[in-house]
Amino acid sequence: MHFFKALLFEIFWMFKQENALMTIFIASIGYAILYPLPYSHQLAREVEIAVVDPDRSALSRAFIRKIDASPNIEVTRILASDQDIEDDLSTQNVRGYLALPRDFSASIYRQESVTVTLAADGAYYLLYATVAEGVANVVEDFNETLRESLLIGSDPALSALTAVPYIVETHNVFNKELGYRNYVIPSVFLIILHQLALIAMATMTWFQVRNPEAIKYYSGKESLAPIARFTAFMSVFFFISIIYVYVLLPLYDVPVDTPSISVISMLLAYFFAVISLGLCIGRLVKHPQVAAILVLLSSMPIVFSAGFVWPSESLPEVWKLLVGWIPAVEGVKGLLAYHVFGDSIIDQPHHVLRLLAEGGVFLLIAQWLNRRQLNVAGGEAKFNSSLQ
Amino acid sequence: MMPTSSSTSKLLWWLLLWLPVMLYISVGAVFSQQTVKHLPIAVVDQNQSTQSRALVRDLNSMETLALQSSISVKEATQALRRSDIYAVILIPEDFSSDLVRNQQPMIEVLVNGEYVLIAKIISASIAQVTGVSQAVVQAEQTLALTSSPTTALFTAAPVQMVLNPLYNPIGNYALFLLPGIFIAIWQVLIATTTSTILVDRPEGKFQTNESWIKSAESLTIIFKKIAWSFPLLWLQGLIALSLLFYIFNWPFFGSLVVISLVALFFVLATQALAICVCLVFTDPTEAISISGALTAPSFAFLGITFPKDDMPWLALLWRDLLPAAHFSEWWVAIASYDSITRALTHGSIAMILIMLLPVVFIMIKRGINRDAFF
């Protein structure tokens, strides 16, 4: 009964303490709206490019029409030479240009290979890759058509070879169209909740030991305070994460699995680890604004160490060992495994086990920090009383 | 040395020196390999012929890929699900015999599309290998029939494509991410540091935070604080920038002096945002957290990873409020295109408006509290 009342007391303070209210509730709503905003179109389509066509033949025009028909590309300018192309690139009117040789049609009719050069803005990787993929596909189709129309007539024996010797069919699994939102949002959502829980738990841990009302409330039952606070944070963040994962992700059209024991146990283990770490930070910092600054600034390194943008295989081994202790890193792997790739906790329990182990270690550290603080406080008190 | 209270000046040392050092070291560590190498993929070679083994050898020679040979399709797809590998290549059992009979066998490639950027790199690498291999096989087949090398070559690929990544000569993946990351981190540092300085109010003079903001004197104090802090924040970024240039060997086509000069506006605009936050939120911890929280998710809005032309209007509106977004435009204009005119014609007005925002906020504050002043 005591415990239950203390739990409600802690949840009440999450609303009463303005910082906690902002971090837990307002920020989790704000970020859920703000973060997916840029990606609502999912894909880059119809990237604008120029074509340099000094040949100006029927064949080159047919080729350009095919390029323009690609969903990836829109040909906005056709030029006779590449003289003024730099200006168009630097004003971003076009993101690249495809240069055809002067003897494009003549060479092909002589049955000699020709080379087309695609120069595209490498400072924007997604646009670059979209244009490159589009041109490569068109070139492949165009080659097939050329072989059929040019070779069949010339030599009957060759006609059997008009098609490519073997087909390569690529399927993207788990995210068919390589949609950007599907890729960024699940992982980033989990990292957002990680950061908010860390800041809020650290702030409340710091605040409640100095809050006269909390001191009065817990007098005589001090040991109850951290347990009640821990449970309150676990419940609230678990609830928010369930909304993020099972309401918001489907709302944003991110393809995910139906609710499963694996995901739910993963989220519980995740917040166990995160909130334990928040408890450590709260006991370590001299002021909660330090915790907020530290956590906010660590966001970028965490995003790029979590393995969904920059591959884990390309991280230095020492760094991998270090960031392995940030719950977000294992959490992102776990969420993707159980929620997007449809793995189960029975086959792959190690994500959950790892998070539980991290949480356990953080709790031990928090306990040690608490004892040290008490010792220091006790020592100071003894010292002061000996002076009097 | 700094005109602040002792606890704040300790925190300031952290914000100006130690935290950025730690941050840039960690970013440097993450991208130390610079290019993406040895991405694990599996090949299930059910054919085990000379032709299929030649293809596997070619795949193996790609630096971006690290091949694991799997025995069964089931094993490979399981590994794909577990993220142990990023892609599976399935070579069918009758690959070589179908090739000989011109039956067009099909190689299936499954790529984990959830990791979009990694998937793009893998698909491009595989396409590069199979493209060449298809051409070679076709040339061999044609040569057997025509004995004319030109025809053979032509049949293989009448039109060939050469790729030329502009402004990023080696197609370095880290190089395209790093400027954006650097600008985003610098912005959060400027915003949180400025708020930390601004919320440090002269002790004893003002009873409450509210009275401090409303005081006529506070304007001069804000001005003085910005005057001594902005050169420090500017220098902080420039030092980090020079180090990153040196370590990562950034391709830079423009002038570093110009970048340093326009960075002044970026620092001031970001500080202006922080002033607005401090005017609205009077509690110190809240003001610092909020200026950090507002600037922290900027990276996604810069338009470097996901193009801004494909963002909806609401995202663009938010983007307009972020000094980092305009600075990253300037950055690209100067670093890639070496075009100062483009830099100046893009986002300058927005940047000036951001710098004027605090004036509006102060006027509103004063207006509301007119009775208290006049």
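Every chain is numbered from 1, with letters handed out A, B, ... down the list of sequences.
- Rounding to the nearest 0.5 Å places CG of A/Leu322 at 10.0 Å from OG of B/Ser26.
- You'll find the side chain of B/Val111 stays beyond 4.5 Å of the side chain of A/Val173, heavy atoms only.
- For A/Ala136, the parts lying under 4.5 angstrom from a heavy atom of chain B are both the backbone and the side chain.
- With a threshold of 4.5 angstrom between heavy atoms, B/Val159 approaches chain A through its backbone and through its side chain.
- Of all the listed residues (A/Leu294, A/Leu296, A/Val116, A/Thr170), the one sharing the greatest number of non-hydrogen pairs under 4.5 Å with chain B is A/Val116.
- Interatomic distance, A/Lys333 NZ to B/Arg82 CZ, rounded to the nearest 0.5 Å: 14.5 Å.
- For A/Tyr124 and B/Phe306, the ring centers are positioned 6.0 Å apart or more.
- Neither the backbone nor the side chain of A/Glu177 comes within less than 4.5 Å of any heavy atom of chain B.
- Heavy-atom pairs under 4.5 Å with chain A were tallied for B/Asn112, B/Ile185, B/Asp98, B/Thr130; the largest tally goes to B/Asn112.
- Interface remark: A/His287 contributes side-chain atoms only to the contact with chain B (heavy atom separation under 4.5 Å).
- Between A/Asp347 and B/Arg81, the closest side-chain pair of non-hydrogen atoms is not below 4.5 Å.
- Only the side chain of B/Ala119 has a heavy atom closer than 4.5 Å to any heavy atom of chain A.
- Counting only heavy atoms from C-beta outward, the side chains of A/Tyr125 and B/Ile304 never approach each other to under 4.5 Å.
- A heavy-atom distance below 4.5 Å is found between the side chains of B/Asp309 and A/Arg95.
- There is no contact between A/Ile199 and chain B, counting heavy-atom distances below 4.5 Å.
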Show, in sequence, the C-alpha distance, side-chain angles and deciding distance for B/Thr305 and A/Leu126, and conclude whether the side chain to side chain contact (heavy atoms under 4.5 Å, CB included) test is met.
CA-CA 6 Å; B/Thr305 43; A/Leu126 190 70; over 6 Å; no
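- Proximity to chain A involves both the backbone and the side chain of B/Leu110, based on heavy atoms less than 4.5 angstrom apart.
- With a threshold of 4.5 angstrom between heavy atoms, B/Ile290 approaches chain A through side-chain atoms but not through N, CA, C or O.
- Residue B/Leu178 does not touch chain A at all, counting heavy-atom pairs closer than 4.5 Å.
- The shortest distance between side-chain heavy atoms of B/Ser83 and A/Phe341 falls below 4.5 Å.
- Looking only at heavy-atom pairs under 4.5 Å with chain B, the residue among A/Met22, A/His171, A/Glu140, A/Glu112 that has the most is A/His171.
- For A/Glu313, the parts sitting under 4.5 Å from any heavy atom of chain B are the backbone and the side chain alike.
- Here A/Leu297 is the residue among A/Val131, A/Thr91, A/Leu297, A/Val318 with the most heavy-atom pairs under 4.5 Å with chain B.
- Between chain B and the options A/Leu315, A/Asp121, A/Val188, heavy-atom pairs under 4.5 Å are most frequent for A/Asp121.
- Within 6.0 Å of atom NZ in A/Lys176, 12 or fewer heavy atoms from other residues, nucleotides or ligands are found, so the atom counts as exposed in its surroundings.
- Distance alone, capped at 3.5 Å, places no donor-acceptor pair between the B/Asn164 side chain and the A/Ala119 backbone.
- A 4.5 Å side-chain heavy-atom check between B/Leu23 and A/Pro301 finds at least one atom pair inside the cut-off.
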Test ring-ring contact (aromatic ring centres under 6.0 Å, His included) on A/Tyr39 and B/Phe301 and set out the steps.
CA-CA 9 Å; A/Tyr39 309 121; B/Phe301 289 87; 8.1 Å; no
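- When the candidates B/Thr196, B/Leu80, B/Ile288 are compared by the number of heavy-atom contacts under 4.5 Å with chain A, B/Ile288 comes out ahead.
- A/Lys286 touches chain B through its side chain: at least one heavy atom from C-beta onward sits under 4.5 Å away, while N, CA, C and O do not.
- Heavy atoms closer than 4.5 Å to chain B are found in both the backbone and the side chain of A/Leu178.
- For chain B, the nearby part of A/Val139 is the side chain; its heavy atoms alone come within less than 4.5 Å.
- Of the two parts of A/Ile108, the backbone and the side chain both hold a non-hydrogen atom closer than 4.5 Å to a non-hydrogen atom of chain B.
- Ranking A/Leu196, A/Asp87, A/Val168, A/Val47 against chain B, the residue ahead of the rest is A/Val168, based on heavy-atom pairs under 4.5 Å.
- Using a 4.5 Å cut-off between heavy atoms, A/Arg110 makes no contact with chain B at all.
- Residue A/Phe142 touches chain B through its side chain alone, counting heavy-atom pairs closer than 4.5 Å.
- Other residues, nucleotides and ligands contribute only 12 or fewer heavy atoms inside 6.0 Å of the CD atom of A/Glu18.
- Looking only at side-chain heavy atoms (C-beta outward), A/Val290 and B/Leu11 come within less than 4.5 Å of each other.
- The backbone N or O of B/Met161 sits nowhere less than 3.5 Å from a side-chain atom of A/Thr115 that would complete a donor-acceptor pair.
- For the pair B/Ala300 and A/Tyr35, the tightest heavy-atom approach, listed with the atom from each and the gap, is CB-CE2, 3.9 Å.
- For A/Tyr31, the part sitting under 4.5 Å from any heavy atom of chain B is the side chain, from C-beta outward, and nothing else.
- For A/Trp319, the CH2 atom sits in a packed shell: over 12 heavy atoms of surrounding residues, nucleotides or ligands are nearer than 6.0 Å.
- With a 4.5 angstrom heavy-atom cutoff, A/Val340 touches chain B only via side-chain atoms.
- With hydrogens and angles left out, the side-chain atoms of A/Tyr166 and B/Ser133 include a donor and acceptor closer than 3.5 Å.
- Chain B forms the most heavy-atom pairs under 4.5 Å with one residue out of A/Val303, A/Leu43, A/Leu34, and that residue is A/Leu34.
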Could you go through the side chain to side chain contact (heavy atoms under 4.5 Å, CB included) check for A/Phe308 and B/Ile118 one step at a time?
CA-CA 8 Å; A/Phe308 68 101; B/Ile118 298 172; over 6 Å; no
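- Heavy-atom distances place both the backbone and the side chain of A/Phe174 under 4.5 Å from chain B.
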Pair B/Glu114, A/Leu336 - check side chain to side chain contact (heavy atoms under 4.5 Å, CB included), show working.
CA-CA 9 Å; B/Glu114 181 62 23; A/Leu336 291 181; 3.8 Å; yes
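- A 4.5 Å side-chain heavy-atom check between B/Pro165 and A/Tyr128 finds at least one atom pair inside the cut-off.
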Criterion side chain to side chain contact (heavy atoms under 4.5 Å, CB included) on B/Leu117 and A/Trp310, from CA distance to verdict
CA-CA 8 Å; B/Leu117 290 175; A/Trp310 184 253; over 6 Å; no
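- Using a 4.5 Å cut-off between heavy atoms, B/Ile89 does not touch chain A at all.
- Within the 4.5 angstrom heavy-atom criterion, only side-chain atoms of B/Phe95, from C-beta onward, approach chain A.
- Contact tally against chain A (heavy-atom pairs below 4.5 Å) for B/Val27, B/Thr295, B/Leu314: the top residue is B/Leu314.
- The parts of B/Ser289 that come within reach of chain A are both its backbone and its side chain, each placing non-hydrogen atoms under 4.5 angstrom from that chain.
- With values rounded to the nearest 0.5 angstrom, B/Lys120 atom NZ is found 8.5 Å from A/Asn172 atom CG.
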